[in-house]
Amino acid sequence: MTDLAALLDEALKDATDTKAVAFGRGAVHRTGEVFASTFPGKRAVVVGDDNTFNAVGATTAAGEPVAAGPAVVASLKQAGVELEENIIFPGTPTLYGGYDNVEIIREKLRGLDAIAVVVGSGVLNDLTKLASGELGRPYMVVCTAASMDGYASFGASISKDGFKITRNCPAPAAVVADLDVMAAAPKRLVATGVGDLIEKIPAGEDWIIADMLGVEAINHQVWPLVQGPLREAISQPAQLRAGDADATAGLAAGLLMSGLAMQAAQSSRPASGAGHQFSHLWEMEGHGLDWEPPLTHGFKVGLGTVAICALYDVALRKDISDLDVEARIAAWPTREGMEAHVRQWNQSAPSGLLEAAVVQTDAKYLTPEQLRERIHTLQKLWPQIKETSAKQLLSAEEIADVLKTVGGIYHPAQIGISLEKMRETYTRAQMIRTRYTILDVLWELGILDECVDELFAPGGYWASAPVPTDRVSGAED
């Protein structure tokens, strides 16, 4: 059994912003102690919503109310922390991660000489993180669900003018993660956390390949923080779905360490690969954002993980030793041709997404000579890539089984994504980020379309995968 406390302590050593983590059963009652030691002499203002303050009738395994807000307020008062009036959002409809809500929090904080203590999951944390960051203030988070890795990461995923990006801002100075509260969270939030965490498996192989090619070196300090406890954290999906606190500990620690690793690396590379790009594309298109509750990031990332592991399986069966390199060079578009290619594939996309795809694709453009060198290097390294992939990856079927057991998303039909749109996503996801992944490998080799075609051809993964009858709320709208 992994010593989670020791791993978190190790991760904190290299974190740039987070100085304290209280992790364990009953940790919510240490909020005041952690605040007082992290922000001595400072006043606090608690940010939450009706869900985190008024979960009527719900209790943890220990028999305590699930609503963490009142416990946080009581703990702060007991520690002698002076409090401003709480900032509480309605619980329904579900709070949206839009910049207008950042402005609401920021302007309320502006007039206060106080540190924000946000009690909530992903959206509330991101809103408060960015609002505090824009004011140049630190903040603290009390996690209420093991739903995503953004609790302890820098940056906030916020939508503005219809375009969702990660906006720069510091990570929390302190984190409180109460396992009883997190284990009692709605099951859909636990499932979304598994979806976010499980993508670190193919993301790790994406990074291994980028390192081999000299594109982006592995940071060996942060690698074990994410990859070390990863398999154990997702090994008990049935127990996670049942709300077992011990299983939740592994998931929550894995997510927190991913955030701390991103701080240490000053990059999301340790925790995000091609599977995340599926989710990012759908989010920038607004898919599921207007559902109630909104389609979660982790649900989409989990599906992206299945998609990428299926692609890896097809790609690594290929023999590229006899690839006609000069024919690929001859077919390689000019920079202007590449831009036209991107615009053609994204002609119906929102303008912000289209222009971002043009910029991101241009930033990783290779000249014909650079491409020739890249292909020769890939041919030389292909046996080694197959070897590392066999150790690092799980099959698409294995990923789907975990997600199905925990109540996550493992087939596009569950979230209203047609197979045609799913097929297009493989091509378009490669265009929206400079991060080097298996999508770039196959595009440079000229076999991305061929590999994707196999997934949807008779006998291919998506052609053969049973179509679930369950749908996420809003998927048929």
When rounded to the nearest 0.5 Å, the distance separating CD1 of I415 from CZ of F299 is 9.5 Å
Testing the 3.5 Å rule here: is there a donor-acceptor pair between the side chains of W345 and T427?
no
Lys/Arg N to Asp/Glu carboxylate O, R335 vs E339, below 4.0 Å:
no
Taking C-beta and beyond as the side chain, do V215 and W207 meet within less than 4.5 Å on heavy atoms?
no
Side chain to side chain contact (heavy atoms under 4.5 Å, CB included) between I198 and V402: does it pass, once the steps are laid out?
CA-CA 9 Å; I198 206 168; V402 171; 3.9 Å; yes
Assess whether side chain to side chain contact (heavy atoms under 4.5 Å, CB included) is satisfied between F456 and L419, documenting all intermediate values.
CA-CA 8 Å; F456 294 88; L419 287 183; 4.1 Å; yes
L442 vs L311 side-chain heavy atoms within contact, under 4.5 Å:
yes
Testing the basics here: between A274 and I438, what is the closest heavy-atom pair and its distance to 0.1 Å?
CB-CG2, 4.4 Å
Hey, are the side chains of P202 and L393 touching, using non-hydrogen atoms and a 4.5 Å cut-off?
yes
Nearest non-hydrogen partners of S121 and A145, listed with the distance:
CB-CB, 4.3 Å
How far does CD1 of I201 sit from OG1 of T305, to the nearest 0.5 angstrom?
8.0 Å
Do S268 and R433 meet the criterion of a side-chain donor-acceptor pair at a distance under 3.5 Å?
yes
Start with the C-alpha distance between I417 and W282, add both sets of side-chain angles, then the distance that settles side chain to side chain contact (heavy atoms under 4.5 Å, CB included), and finish with yes or no.
CA-CA 10 Å; I417 298 283; W282 295 330; 4.0 Å; yes
N-O pairing of E369 and R372 below 4.0 Å
yes
Less than 3.5 Å apart, any donor N or O on the side chain of Y312 or R317 sitting next to an acceptor on the other?
no
Any side-chain heavy-atom pair from K380 and H376 closer than 4.5 angstrom?
no
Looking only at heavy atoms, the pair that brings I432 and Q360 closest together is O-CG, 3.3 Å
So, D440 side chain and T437 main chain: donor-acceptor pair closer than 3.5 Å or not?
yes
Does atom CD of E450 have more than 12 heavy-atom neighbours from other groups under 6.0 Å away?
yes
Within 45° cone of W332 ring axis and under 6.0 Å: R374 NZ or CZ:
no
In short, T38 meets A174 closest at the heavy-atom pair OG1-CB, 3.9 Å
Quick check: do L256 and Y151 have side-chain heavy atoms less than 4.5 Å from each other?
yes
Can you tell whether the side chains of E397 and K404 come within less than 4.0 Å, N to carboxylate O?
no
Donor-acceptor pair between S279 and E283 side chains, under 3.5 angstrom
yes
Main-chain N/O of Q344 paired to Q347 side chain as donor or acceptor, under 3.5 Å
yes
Taking the basic N atoms (NZ, or NE/NH1/NH2) and the acidic carboxylate oxygens, is any pair closer than 4.0 Å for E420 and R423?
no
With a 4.0 Å cut-off, would you call E205 and K391 a salt bridge?
no
Backbone N/O of A131 and side chain of E134: donor-acceptor pair under 3.5 Å:
no
Does N346 reach the main-chain N or O of A349 with its side chain, forming a donor-acceptor pair under 3.5 Å?
no
OG1 of T405 to CG of L240: how many Å apart, nearest 0.5 Å?
10.5 Å
As an exercise, state the distance from CD of Q370 to CG of L366, rounded to the nearest 0.5 Å.
5.5 Å
Consider only side-chain N and O atoms of D244 and Q236, and report whether a donor and an acceptor are under 3.5 Å apart.
no
Going by atom types alone, do Q392 and S389 pair a side-chain donor with an acceptor below 3.5 Å?
no
Side-chain donor-acceptor pair under 3.5 Å between S321 and Q379, yes or no?
no
With a 4.5 Å heavy-atom cut-off, do V306 and W462 have their side chains touching?
yes
Donor-acceptor pair, distance only, cut-off 3.5 Å: does the side chain of Q414 make one with the backbone of H411?
yes
Rounded to the nearest 0.5 Å, how far apart are OH of Y139 and OG1 of T128?
7.5 Å
Could you tell me if Q263 and S153 have a donor-acceptor pair between their side chains, going purely by distance under 3.5 Å?
no
Ignoring hydrogens and geometry, is there a side-chain-to-backbone donor-acceptor pair from Q266 to M262 under 3.5 Å?
no
Checking Y426 side chain against A307 main chain: does a donor-acceptor pair fall under 3.5 Å?
yes
Any donor-acceptor N or O pair under 3.5 Å, side chains S235, E232:
no
Not counting sequence neighbours, list each pair that qualifies as a salt bridge (charged side-chain N to carboxylate O under 4.0 Å, His left out) and has a residue in residues 136-153.
D149-K200
Given the rule in the side chain to side chain contact (heavy atoms under 4.5 Å, CB included) test, do Y99 and L127 qualify, once you have shown the distances and angles that lead to the verdict?
CA-CA 8 Å; Y99 190 70; L127 295 173; over 6 Å; no
Would you indicate whether the side-chain heavy atoms of T248 and V190 approach each other to under 4.5 Å?
no
Taking all heavy atoms of M257 and all of L8, pick out the closest pair and write down the distance.
CG-CD2, 3.6 Å
I want to know whether W443 and H341 have ring centres closer than 6.0 Å.
yes
So, E444 and R328, do they make that salt bridge, N to O below 4.0 Å?
no
Which atom names give the shortest non-hydrogen contact between S157 and D126, and what distance separates them?
N-OD2, 3.2 Å
K129 side chain vs G155 backbone, donor-acceptor pair below 3.5 Å
yes
T192 side-chain N/O to R188 backbone N/O, donor-acceptor pair under 3.5 Å
no
Under 3.5 Å side-chain donor-acceptor pair for D211 and Y436:
no
Flag side-chain contact, heavy atom, 4.5 Å: D196 against H276
yes
d(I209 CD1, Q384 CD) to nearest 0.5 Å is 10.5 Å
May I ask you to decide if G273's main-chain N or O and E199's side chain share a donor-acceptor pair within less than 3.5 Å?
yes
